[in-house]
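Reviewing the structure listed below.
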Amino acid sequence: VTVDVTPSVVVSLVSATPDHDIVSMEMGPSFSPVGTVLAVSRDSSLLAIQHRLEGIESNVVSLLDIKGVDRHIDLAVPVYPILGLNAMDFSPDGTLLAAGGLEQTVFVWDTRDERLVAELPFGDAIVDVKFSGDGRALVVSSAGEHAHVTIWSVESWVADQELSSA
């Protein structure tokens with residue numbers, strides 16, 4: 001994924017194989033690439049972009065349909081202003097998007113209907129979120145003196161396991 005900021009902001013997804021076209025989308029004049037966090041679904045059909053809109057004191061998570069390029073949705077984030085996301089990940093089947101950062105909360109959306117399905121309190125700044133390979137667990141981690149990892153069940157959104165560096 002590349003972000004070109006001149007003369008307007010264009011986000012492009014570049015395939016690693018030569019037989020695929022480059023997909024580009026102009027983001028509009030209010031898009032600011034500063035602090036941008038990106039995630040691509042495993043089947044390369046969806047692109048999530050956390051970015052700041054100029055003139056607005058919060059960040060936005062945009063969901064782009066890469067294959068059709070006919071869907072550009074700004075997901076509703078319940079906490080304003082968002083201090084910033086550090087990590088995002090799609091579930092293996094692409095139906096869920098998890099994001100976390102300085103808010104100390106993991107937000108999980110259903111990508112089919114853009115609905116927020118879970119807000120998971122974490123208690124520390126989040127540095128990474130990852131779905132397990134089978135999509136049944138969500139792993140969230142922090143760093144620093146009180147670094148810890150929490151593993152949530154995707155089915156129930158209950159913390160199954162917590163690991164600490166202390």
Side-chain angles (χ1 to χ4, degrees), residues 1-3 9 11-13 23 25 27-28 30-54 56-67 71-144 146-163:
V1 176
T2 64
V3 178
V9 178
V11 175
S12 301
L13 180 66
V23 176
M25 179 173 283
M27 296 302 293
S30 62
F31 177 87
S32 172
V34 176
T36 300
V37 177
L38 305 168
V40 178
S41 62
R42 287 172 175 86
D43 69 353
S44 299
S45 66
L46 295 172
L47 173 66
I49 306 172
Q50 177 267 309
H51 57 93
R52 180 171 291 279
L53 293 177
E54 290 187 14
I56 299 175
E57 292 303 314
S58 66
N59 292 301
V60 174
V61 177
S62 294
L63 186 62
L64 307 173
D65 182 342
I66 296 170
K67 299 218 179 204
R71 186 171 78 151
H72 174 175
I73 296 158
D74 292 331
L75 298 172
V77 183
V79 178
Y80 291 101
I82 286 185
L83 298 174
L85 298 174
N86 296 329
M88 291 191 294
D89 192 33
F90 284 97
S91 61
D93 65 2
T95 61
L96 297 173
L97 173 66
L102 300 176
E103 298 292 342
Q104 303 180 14
T105 300
V106 180
F107 303 103
V108 183
W109 293 272
D110 185 315
T111 61
R112 297 165 293 191
D113 61 10
E114 299 90 39
R115 184 176 46 92
L116 184 69
V117 296
E119 289 181 63
L120 309 171
F122 190 66
D124 204 356
I126 296 163
V127 296
D128 205 4
V129 297
K130 291 288 181 219
F131 282 95
S132 62
D134 62 7
R136 296 168 65 187
L138 177 65
V139 181
V140 180
S141 64
S142 67
H146 303 289
H148 66 284
V149 173
T150 301
I151 303 170
W152 273 280
S153 163
V154 170
E155 183 178 312
S156 64
W157 298 118
V158 171
D160 284 341
Q161 190 173 9
E162 295 196 31
L163 309 168

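Just so you know, these numbers come straight off a predicted model, no measurement behind them. No hydrogens, no waters, no symmetry mates; every other heavy atom, side chains included, goes into these values. Residues: numbered from 1 along the sequence shown.
- Taking CG of D134 as the reference point, atom OG of S91 lies at 11.0 Å (rounded to 0.5 Å).
- Across W152 and A159, no two heavy atoms sit closer than the pair CD1-N, 3.2 Å.
- Minimum interatomic distance between P92 and S132 (heavy atoms only, all atoms of both residues): CG-O, 3.4 Å.
- Closest heavy-atom contact between I151 and A137: CG2-CB, 3.9 Å.
- We find the CE-CG distance between M88 and D128 to be 12.0 Å, quoted to the nearest 0.5 Å.
- Within the model, atoms CG of N86 and CG of L102 stand 5.0 Å from one another, a figure rounded to the nearest 0.5 Å.
- For the atom pair NZ (K130) and OG (S141), the distance works out to 9.5 Å, reported to the nearest 0.5 Å.
- Closest approach of L116 and V108 over heavy atoms only: CD1-O, 3.4 Å.
- Summarising the geometry, atom CG belonging to L97 is positioned 7.5 Å from atom CZ belonging to F131; distances are rounded to the nearest 0.5 Å.
- Atom CG of D160 is separated from atom CD of E155 by 10.0 Å, given to the nearest 0.5 angstrom.
- Counting heavy atoms from C-beta outward, L96 and V154 have side chains that approach closer than 4.5 Å.
- Note: H148 and F122 have parallel aromatic rings, judged against thresholds of 30 and 60 degrees for the angle between ring planes.
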Handout entry: Stepwise side chain to side chain contact (heavy atoms under 4.5 Å, CB included) test for T111 and L46
Key = CA-CA 9 Å; T111 61; L46 295 172; 3.9 Å; yes

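- A donor-acceptor pair is defined here as one N or O able to donate and one able to accept, closer than 3.5 Å; such a pair exists between the side chain of R42 and the backbone of F90.
- Between V140 and V127 there is no side-chain heavy-atom pair separated by less than 4.5 Å.
- Shown here for S142 and A125, the closest heavy-atom pair between the two residues is CB-O, 3.2 Å.
- Nearest heavy-atom pair, V129 versus A98, reported as atom, atom and distance to 0.1 Å: CG2-O, 3.7 Å.
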